[in-house]
Amino acid sequence: MKSEVQLIANVGASEYVTVGPGSMNTPGGGTTFNYADIPFATINDFTVGTIITGQSGGLVTQSTVTAVNTITGDVTVDAWLDYSNISPLPITIQVTVQTFVSTSDSVILDLYPNESISQNWQFQDLNTFGALGSFTRQFRIPATQTNIHVIGALDDANFNNTQYSNYSYFHIKLSAEIRVDTLPIASGYLRVMKVYKQLDKFTDFEVAFYAETPDLVKAIGEKKLADLTDLPNLNHVVNLANTATNAVSTELMYGLVDRGQRWSELGEVNTRPLLNATLPVYASDLTPALRWAYIMQQIFNDAGFVLNASTLMSYLNAYWMVWCNSKQPVTTDLQQTFFFSAYINADQTSAGALQADVELYDNGGDYNAGTYTYTAPTRGTYQFETWVNYEAPGLLNCSQTLYIELRINGSAIGLTIADHTSGSTQGGDVFTFGGTSTAIPLDTGDTVQLFITASVSPETDTASIQSPSILLLHQGDTGALNDGCGWRLVNIAPLFGYTVNMPLNAPDMKQIDFVRDVIAMHNCFIIPNRQIPNEVSVVPALDYIGSGNTLDWTSKLDISKDITLYGTQDLQRKKSTFTYASCDDAFNKLFIDNGRVYGNYIINGYRVSASDVPSDFLTGESTVQLVTRPTPCANVPRITCITQCAHVVALQ
């Protein structure tokens, strides 16, 4: 039995539906009323744009609905009906309610008998994801009453379609789809190409059907990974419980990534140990990572596509992307909340605590301008910046050295930010210096002061270094950097308890580049669904080629003509390189300095198996390079494997 082809036009009309007229009490003013005030109407009769018209004679006889609350039944209009000019005021008036509604219908167009469909489907281009070909089909259909009713009498300017919108489909797309035996084959639109007449009567229409192929690249656009709409749902507090494996989500895990901590058990300078109970690993020292399968799925979801890729996703479930784009994770608790800046408002003539008694800003109220002290609001690492302008008016032919240092809880612990030696000096010489401290660990409630200390060499002046004749710190006028003397907090990294902001920590990468990398890594085909335009299958080549039915086409082979066999060497290259993008972090640089990118794979002389002899005719090179950068794995010195350690903790 021959399959039945159906050409279906999706048509519709828009019109005002009128309710009334009916009586209602004279309106009392205002722009909001309850639909129950119009007894003959229901809440469904009101939408934005509904027109309410009262009888003639009033100051305002027509208003338009601007909002409808279907829960309370309140209706808001731009201007309420006004009959205050009529005396005596009418008790009731006649009102009509007009609502603009759209109706749609699917109409099966009449075709000539024995219509058939032949379709050729192609893969999408692996580089651009654009369709290599789209389906089109032309039909010559009879001018039956149904077809004329849908398409219209295109030669008659006075034609009035009472059911469907009176468009000229010479110029307007007509939404349509093709079905075979009720099975959807393609959706798209119709364009009327020609109208045929015989004996001054319509006989046929010639219409062209165009299948619409969704554009994945266009749908994704220029969005970056940070734009994934589901990311804020993964925001979480960083603490011991939430850094456990999959504690927040099965798509999120924490790992030990070196972000400048330089983990080591050898005790080198500027390194951090893992197995030290007095200096434990905190929650903020760990780094979040997201599962590749989650990222891929969210990209397709946001683009409005249905992704079928079970085999591919099983691979991507094992991949994790480090979700951090800076040394410290970005939090939803703005660091600026804790920042302060203070400066001295008068010349300071003594060493000791910098008498910064004027606050330029103190966002968290943590700086005390009376005692020149900053109190740490939370456990974390802090960085302070200072600037000093000074002179030594009483010194002649000798030098003075000034030191800027931080004192924690009143104790000098050697945290020198900067030092400066003036050299041979004369009165009136002004010197400027300053700097930024290293990251200093502070506990909640720890106090910090900035001290100025000084020494003179040679000791030609017997006066105390506290004397006004020897030391003069200049006042500031604006508190700006390098104006007078002052200090400020420039960075804080809480050790735990903060909320990590997942969108702000996203790697700086376009979503489409991530998808391209996945496709290139796994040599995938992108196969559109024949019935559902926005559904695609992404299948690795080996899985796709090995699928389907085994068919014997021997009887279909035309052996009466030449059958030409070609070798595959023209499709191969002498050298093939598969590589990531290079990266300049410390571990990647070790590989780059030795002439390679971590994770790259080079094939010299392609062979199907190790026993094959490489072709003598291979030439050229090919390179497949990803945008993704690799994350090398490395052992912490003196530790071969960490499974569980009592000293590696994430404190609450």
Legend entry - ring-ring contact (aromatic ring centres under 6.0 Å, His included) involving Y210 - partner list, sequence neighbours excluded: Y189
Inset, instruction - Using distance alone, with no hydrogens and no angle criterion, decide if T72 and D74 have a side-chain donor and acceptor under 3.5 Å apart. - result: yes
Legend entry - Contact summary for P142 and D110, nearest pair of heavy atoms: CD-O, 3.3 Å
Inset, instruction - Kindly indicate whether the side chain of R191, heavy atoms from C-beta on, has any atom under 4.5 Å from the side chain of M193. - result: yes
Inset, instruction - Report the C-alpha distance between F305 and V536 in whole Å, list the side-chain angles of each, state the deciding distance to 0.1 Å, and finish with yes or no for side-chain contact (heavy atoms from CB on, under 4.5 Å). - result: CA-CA 7 Å; F305 277 72; V536 295; 4.2 Å; yes
Inset, instruction - Using a strict cut-off of less than 4.0 Å between a Lys/Arg side-chain nitrogen and an Asp/Glu carboxylate oxygen, indicate whether R137 and E115 qualify as a salt bridge. - result: yes
Inset, instruction - Indicate yes or no for a side-chain donor-acceptor contact from N325 to the backbone of L504 under 3.5 Å, with no hydrogens or angles considered. - result: yes
Inset, instruction - Establish, for the pair R140 and Y196, whether the NZ or CZ atom is under 6.0 angstrom from the six-membered ring centre and no further than 45 degrees off its axis. - result: yes
Inset, instruction - Grab the two heavy atoms, one from V518 and one from L316, that are nearest each other, plus how far apart they are. - result: CG1-CD1, 3.9 Å
Inset, instruction - Verify, without hydrogens or angle tests, whether D82 (side chain) and S84 (backbone) share a donor-acceptor contact under 3.5 angstrom. - result: yes
Legend entry - Between T50 and T99: side-chain donor-acceptor atoms closer than 3.5 Å: yes
Legend entry - Distance-only side-chain donor-acceptor flag, Q511 / D227, under 3.5 Å: no
Legend entry - N/O donor-acceptor pair under 3.5 Å between D45 side chain and T42 backbone: yes
Inset, instruction - Run the ring-centre check on Y319 versus H522 and record whether the distance is less than 6.0 Å. - result: yes
Legend entry - Nearest heavy atoms of P39 and S23, plus distance in Å: CD-O, 3.7 Å
Inset, instruction - Run the salt-bridge test on D513 and R516 with the 4.0 Å N-O cut-off and return the result as yes or no. - result: yes
Inset, instruction - Find out whether M321 and L225 are in side-chain contact, i.e. whether some heavy atom of one side chain is under 4.5 Å from a heavy atom of the other. - result: yes
Inset, instruction - Indicate whether the side chain of S106 and that of N10 have a donor and an acceptor atom separated by less than 3.5 Å. - result: yes
Inset, instruction - Determine, using ring centers only, whether Y315 and W292 are less than 6.0 Å apart. - result: no
Inset, instruction - Indicate whether any N or O donor in one side chain lies under 3.5 Å from an N or O acceptor in the other, for Q297 and N301. - result: yes
Legend entry - Validation row: V237, Y498 side chains within 4.5 angstrom (heavy atoms): no
Inset, instruction - List in chain and number order the residues that pass ring-ring contact (aromatic ring centres under 6.0 Å, His included) with Y254, two or more places apart in sequence or in another chain; answer none if no residue qualifies. - result: H236
Legend entry - Side-chain heavy-atom pair P288, L252 within 4.5 angstrom cut-off: yes
Inset, instruction - Say whether D78 and S63, considering side chains only, have a donor N or O and an acceptor N or O under 3.5 Å apart. - result: no
Inset, instruction - With side-chain contact (heavy atoms from CB on, under 4.5 Å) as the test, would you mind laying out the steps for I148 and F205 before giving the verdict? - result: CA-CA 9 Å; I148 293 176; F205 296 102; 4.0 Å; yes
Inset, instruction - Kindly compute the distance separating OG1 (T31) from CH2 (W80), expressed to the nearest 0.5 Å. - result: 10.0 Å
Inset, instruction - Taking atom types as modelled, find out whether Y112 and D204 have a side-chain donor-acceptor pair closer than 3.5 angstrom. - result: yes
Inset, instruction - Could you walk me through whether F300 and I220 pass the side-chain contact (heavy atoms from CB on, under 4.5 Å) test, one step at a time? - result: CA-CA 8 Å; F300 275 75; I220 295 176; 5.8 Å; no
Inset, instruction - Please determine if E251 and R291 form a salt bridge, counting it only when a charged side-chain N lies under 4.0 Å from a carboxylate O. - result: yes
Legend entry - Side chain to side chain, I492 and T378, heavy atoms closer than 4.5 Å: yes
Legend entry - Which residues share a side-chain contact (heavy atoms from CB on, under 4.5 Å) with A67, sequence neighbours left out: T76
Legend entry - Exam field: side chain Y83 to backbone Q55, donor-acceptor pair closer than 3.5 Å: yes
Legend entry - Closest non-hydrogen atom pair, P503 against N501: CD-OD1, 3.0 Å
Legend entry - CG/L59: more than 12 non-hydrogen atoms of other groups inside 6.0 Å: yes
Legend entry - Q62 side chain near I52 side chain, heavy-atom distance below 4.5 Å: no
Legend entry - Nearest-0.5 Å distance that lies between atom CD in Q6 and atom CZ in R179: 7.0 Å
Legend entry - Check: F46 and V97 side chains under 4.5 Å, non-hydrogen atoms: yes
Inset, instruction - Answer yes when K223 and D302 have at least one side-chain N-carboxylate O distance shorter than 4.0 Å, and no when they do not. - result: no
Inset, instruction - Heavy atoms only: give me the nearest L111-V5 pair and the separation to one decimal. - result: CD1-O, 3.5 Å
Legend entry - Beyond-backbone contact of I108 with L7, side-chain heavy atoms, under 4.5 angstrom: no
Inset, instruction - Nearest 0.5 Å please: distance from the CD1 atom of I526 over to the OH atom of Y544. - result: 13.0 Å
Inset, instruction - Kindly say whether T243 contributes a backbone atom to a donor-acceptor pair with the side chain of N239 at under 3.5 angstrom? - result: no
Inset, instruction - Go through the steps for T499 and N235 under the test side chain to side chain donor-acceptor pair (under 3.5 Å), then give the verdict. - result: CA-CA 7 Å; T499 300; N235 290 356; over 6 Å; no
Legend entry - Evaluation steps, side-chain contact (heavy atoms from CB on, under 4.5 Å), between L174 and V150: CA-CA 9 Å; L174 174 59; V150 171; 4.1 Å; yes
Legend entry - D37-N34 side chain donor-acceptor pair, cut-off 3.5 Å: no
Inset, instruction - Of all the heavy-atom pairs spanning F340 and R488, show the shortest one and how long it is. - result: O-CB, 3.1 Å
Inset, instruction - Count the heavy atoms of every other residue, nucleotide or ligand shown that sit under 6.0 Å from CD1 of I71, and state whether that count exceeds 12. - result: no
